[in-house]
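As structure tokens, the structure follows; a few thoughts come after it.
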Amino acid sequence: MATENIFAEILGRVRRAAEALAAAGALPAGLDQSRVTVEPPRDPSHGDMATNAAMVLAKDAGKKPRELAEAIAETLRADDLVSSVEVAGPGFINLTLKPAAWLDALRTAVRTATRYGAGDVGHDTPVNIEYVSANPTGPLHVGHCRGAVFGDALANLLAFAGFKVTREYYINDAGAQVDVLARSAYLRYREALGEDIGEIPEGLYPGDYLKPVGAALAAQHGSALRDQPEANWLPIIRATAIDMMMALIREDLAALGIVHESFFSERSLHEARNGAPSKIAETIAFLERKGLLYRGTLPPPKGKVMEDWEPRELLLFRATEFGDDVDRPILKSDGSPAYITPDIAYHRDKFERGFKIMIDVLGADHAGYLKRLNAAFEAVSEGAATLDVKVCQLVRFLREGQPTRMSKRAGEIVTVRQVVDEVGRDAVRFMMLYRKNDAVLDFDLAKVIEQSRDNPVFYVQYGHARGQSVFRNAREIFPDLPQNNAELADNAELHRLSDPNELALMRRIAMYPRVIEAAAQAHEPHRIAFYLYDLASEFHALWTLGNAAPHLRFIIQDDRQMTAARLVLVKGVVTVLASGLALLGVQAPDEMR
RNA sequence: GGUCCCGUAGCUCAGCCGGAUAGAGCAGCGGUUUCCUAAACCGAAGGUCACAGGUUCGAGUCCUGUCGGGACCGCCA
């Protein structure tokens, strides 16, 4: 049986061909084959696959690329999966596989079902992916939407590719903003006790979502907190408010289909743990030991007038040693940790928890933070782990091409929940993933619910629904067809699928494992969305061919065997569409009526 | 002033960590429904890959610079 990833299989055979030449003395031993790739050629007339092996190896081998290509090609011609080999251009080796290879790939896809494409490139490597991490001061804002969906899809993808994934939410529950939250909640608490609090003062959070917090506080504490000094009530109210805001955020995330398995509290980094110093103190000591801290004065910030700026001596981290533009303060002048300090401790903690790969999904407004974060990470992980910071650019929300103002006063959309309620989870998720994360994205609220070809979400989902409908119809006509897909695939006469469009579809299906692998390695879930669109497109095309050419329809009334074979092909399409959509967190509907 | 991102067809964007004649969708033009879902499909047209250098067998892709658009700059968060 063919291997699941046919491209990986052929790559292995190409490499073995080169090794065989080396063993025979035709090439130097120990050639570096890491840059050898096997890809589908842009131009289908070049065959099924092309390899750059000869061009990549030529220099080290001391041979002309085309000459080397001929030698490798000769070996490949004897391969049982290969029907023809040609050397072309500067030294490409173009391979055309025997149809049986593609039939096998299809059969494998259908047999493997939901695990088709699931890989082991991850080798169970522990990956921590931190995303959303919105401040626990209110419901999820639309600005968080993209990073939330992106992080979630990436996590799904990495898990599918064989990484051991932890989805984590970093709760910023220690900064000044949660004190503001507490003071805002305190007002709502007094309100709940019957007091007229009037307008919410400038600088506090005015949102209605704090009213339930006030009510809960009143129910729990009565008036006991009201007349106490702030220092007494603030920690209590803060804790309750944060808990309730996090509950709110979890609900918003659930509306997007997102569940984190780990919530990490920033506050916990500040707290001493039964006698032991806090994580932050520990981290500062660690940096100190490494000689990465010193007392010094920073130059004034450029390009921005800061009237209150004055030079002060501070404890600084040598971020410039790791590529940052300036050294960064670790402690503020009042001795408390600067913003980045808990973040350094946090990443160190993740490192100590054993994660080898860490991914931070941040918003565009944090782009300027990236260098210092990378610098800090390098210092703390000592080269034994990697950090990939994915910055999600802004989403411009439009309505019929016109920018939507996100002002709450105007009653326009501000929360994730409202967007999901208006256009649905599937549209939100797919559209957020139908773009590279580092490009600005336009999201037209009117267009994404349009059920037209303008809308890729529906296009792909429709493909899945169409496939399912073929099955419904086929089972009515041929009730005795095997219910079990593996059985169907094993007994079908797949060799009867010989139309070029059918073979093209098989090739596309066979690419899926490769797409997963590449997308996982590049941390780019959008590649799946584009692949699914292409797959759906080829399926729709084949479908429509049946209009003019009835012999190409999936269901052939008087030919049970042909129908069975075609059903396997449809099953392959449906399997991959469902699998890919699941990774994106989008429904794969059985019908679209 | 500085950092980061973007610049590819009229519009919105892909382009698989350097490969062959740069691809989709939309808009516009021309076609396809007695037929498994036409929410679909087919065809023609559309390009100085912002610009200029560099690296090499080979650059939309990597490096440097310039221009244009966006995000940002702190002992804030």
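Just so you know, these numbers come straight off a predicted model, no measurement behind them. Every chain is numbered from 1 and lettered A, B, ... according to where its sequence line falls, protein lines coming before strand lines.
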5′-ward residue of the pair A:A364/A:K371 relative to RNA chain B: A:K371
In the structure I gave you, are the side-chain heavy atoms of A:N455 and A:F430 within less than 4.5 Å of one another anywhere? no
What about A:Y533 and A:Y459, are their ring centers closer than 6.0 Å? yes
Per nearest nucleotide of RNA chain B, the residue lying toward the 5' end, A:S537 or A:L441, is A:L441
With heavy atoms under 4.0 Å as the rule, sort A:N172 into base, sugar-phosphate or nothing. nothing
Just say parallel, tilted or perpendicular for the rings of A:F377 and A:H347, cut-offs at 30° and 60°. perpendicular
If I pick the P atom on B:G15 and the same atom on B:G74, what distance separates them, to the nearest angstrom? 31 Å
So, do A:F530 and A:Y434 sit near enough that their side-chain heavy atoms are less than 4.5 Å apart? yes
Considering only the P atoms, how many Å lie between B:A50 and B:U12, rounded to the nearest integer? 15 Å
Which one, B:G15, B:C41, B:A71, comes nearest to the side chain of A:H540? B:C41
Say we look at B:A24 and B:U64: how far apart would their P atoms be, to the nearest angstrom? 33 Å
Within the structure provided, determine whether A:I93 and A:V14 are in side-chain contact (heavy-atom separation under 4.5 Å). no
Out of B:A20, B:C13, B:C76, which has the shortest distance to the side chain of A:K332? B:C76
I'd like to check A:I284 versus A:L293 (side-chain heavy atoms, cut-off strictly below 4.5 Å). Are they in contact? yes
Among B:U56, B:A20, B:A39, the nucleotide that comes nearest once only the side chain of A:F458 is considered: B:A39
Check for a donor-acceptor pair, side chain of A:D426 on one end and backbone N or O of A:V586 on the other, with a separation under 3.5 Å. no
Exactly one candidate in A:R399, A:R396, A:K447 meets salt bridge (Lys or Arg N to Asp or Glu O under 4.0 Å) with A:D442; the answer is A:R396
Using a 3.5 Å cut-off and no angle test, enumerate the donor-acceptor pairs between side-chain atoms of residues 327-334 of chain A and protein atoms at least two apart in sequence or in another chain.
unit_1: A:D327; atom_1: OD1; unit_2: A:A319; atom_2: N; d: 3.1
unit_1: A:D327; atom_1: OD1; unit_2: A:T320; atom_2: N; d: 3.0
unit_1: A:D327; atom_1: OD1; unit_2: A:T320; atom_2: OG1; d: 2.7
unit_1: A:D327; atom_1: OD2; unit_2: A:Y294; atom_2: OH; d: 2.5
unit_1: A:R328; atom_1: NE; unit_2: A:D324; atom_2: OD2; d: 2.8
unit_1: A:R328; atom_1: NH2; unit_2: A:D324; atom_2: OD1; d: 3.2
unit_1: A:R328; atom_1: NH2; unit_2: A:D324; atom_2: OD2; d: 3.4
unit_1: A:S333; atom_1: OG; unit_2: A:R312; atom_2: NH1; d: 3.4
unit_1: A:D334; atom_1: OD1; unit_2: A:S336; atom_2: N; d: 2.9
unit_1: A:D334; atom_1: OD1; unit_2: A:S336; atom_2: OG; d: 2.7
unit_1: A:D334; atom_1: OD2; unit_2: A:S336; atom_2: OG; d: 3.4

Of B:C75, B:C72, B:U3, the nucleotide closest to the side chain of A:S333 is B:C75
What does nucleotides 28-37 of chain B look like as a protein-contact string, B for base, S for sugar-phosphate only, - for none, at under 4.0 angstrom between heavy atoms? -------BBB
With heavy atoms under 4.0 Å as the rule, sort A:D343 into base, sugar-phosphate or nothing. nothing
A:R35 atom CZ is separated from B:G18 atom P, nearest whole Å, by 8 Å
Measure from the ring center of A:F554 to the ring center of A:F539 and say whether it is less than 6.0 Å. yes
Write down the distance between CZ (A:R527) and P (B:C13), rounded to a whole number of angstrom. 19 Å
What integer number of Å spans the P atoms of B:A22 and B:A38? 35 Å
At under 4.0 Å between heavy atoms, what does A:R328 touch on the DNA or RNA strands: base, sugar-phosphate, or nothing? sugar-phosphate
Taking atom P of B:G70 as reference, at what distance in whole Å does atom CD of A:Q393 sit? 13 Å
Base, sugar-phosphate or nothing for A:P65? Non-hydrogen atoms, less than 4.0 Å. nothing
Would you indicate what A:H526 reaches in the nucleic acid, counting non-hydrogen atoms under 4.0 angstrom: base, sugar-phosphate, or nothing? sugar-phosphate
Structure string for RNA chain B in dot-bracket form, Watson-Crick and G-U at under 3.5 Å, | interchain: (((((((..((((.....[...))))..((((.......))))......(((((..]....))))))))))))....
Would the number of heavy atoms belonging to other residues, nucleotides or ligands and lying under 6.0 Å from CD of A:Q33 be above 12? yes
Looking across every strand, which nucleic acid part, if any, lies under 4.0 Å from A:A522 by heavy atom: base, sugar-phosphate, or nothing? nothing
May I ask you to decide if A:E4's main-chain N or O and A:E9's side chain share a donor-acceptor pair within less than 3.5 Å? no
Distance, C1' atom - from B:G18 to B:C57, rounded to whole angstrom: 12 Å
At 4.0 Å (heavy atoms only), tell me whether A:A474 reaches a base, stays on the sugar-phosphate, or touches nothing. nothing
Can you tell me how far P of B:C17 sits from NZ of A:K390, to the nearest Å? 12 Å
Of the listed nucleotides (B:A71, B:C75, B:U12), which one gets closest to any side-chain atom of A:D442? B:U12
Between atom CG in A:L532 and atom P in B:A24, what is the gap in whole Å? 18 Å
Need the glycosidic conformation of B:U33: syn if within 90° of 0, anti if not. Which one? syn
Would you indicate which nucleotide in B:G60, B:C75, B:G25 comes nearest to any side-chain atom of A:Y533? B:G25
Pairwise P distance, B:U55 and B:G47 [rounded to whole Å]: 31 Å
Rounded P spacing from B:G28 to B:C51 in Å: 29 Å
Once you round it to whole Å, what is the distance between C1' of B:C11 and CG of A:D444? 13 Å
Find the distance A:R42:CZ to B:A14:P and express it as a whole number of Å. 16 Å
Run A:Y462 and A:F458 through ring-ring contact (aromatic ring centres under 6.0 Å, His included) and show every step you take. CA-CA 6 Å; A:Y462 183 42; A:F458 279 85; 9.4 Å; no
Should A:K436 be listed as having a side-chain N or O under 4.0 Å from OP1 or OP2 of B:C13? no
Could you give the distance separating B:C75 and B:A14 at their P atoms, to the nearest angstrom? 35 Å
Presence of donor-acceptor pair under 3.5 Å, side chain of A:N94 and base of B:A20: yes
What is the nucleic acid contact for A:R435, judged by heavy atoms within less than 4.0 Å: base, sugar-phosphate only, or nothing? sugar-phosphate
Rounded to whole Å, the CG-C1' distance (A:N52 to B:C57) equals 13 Å
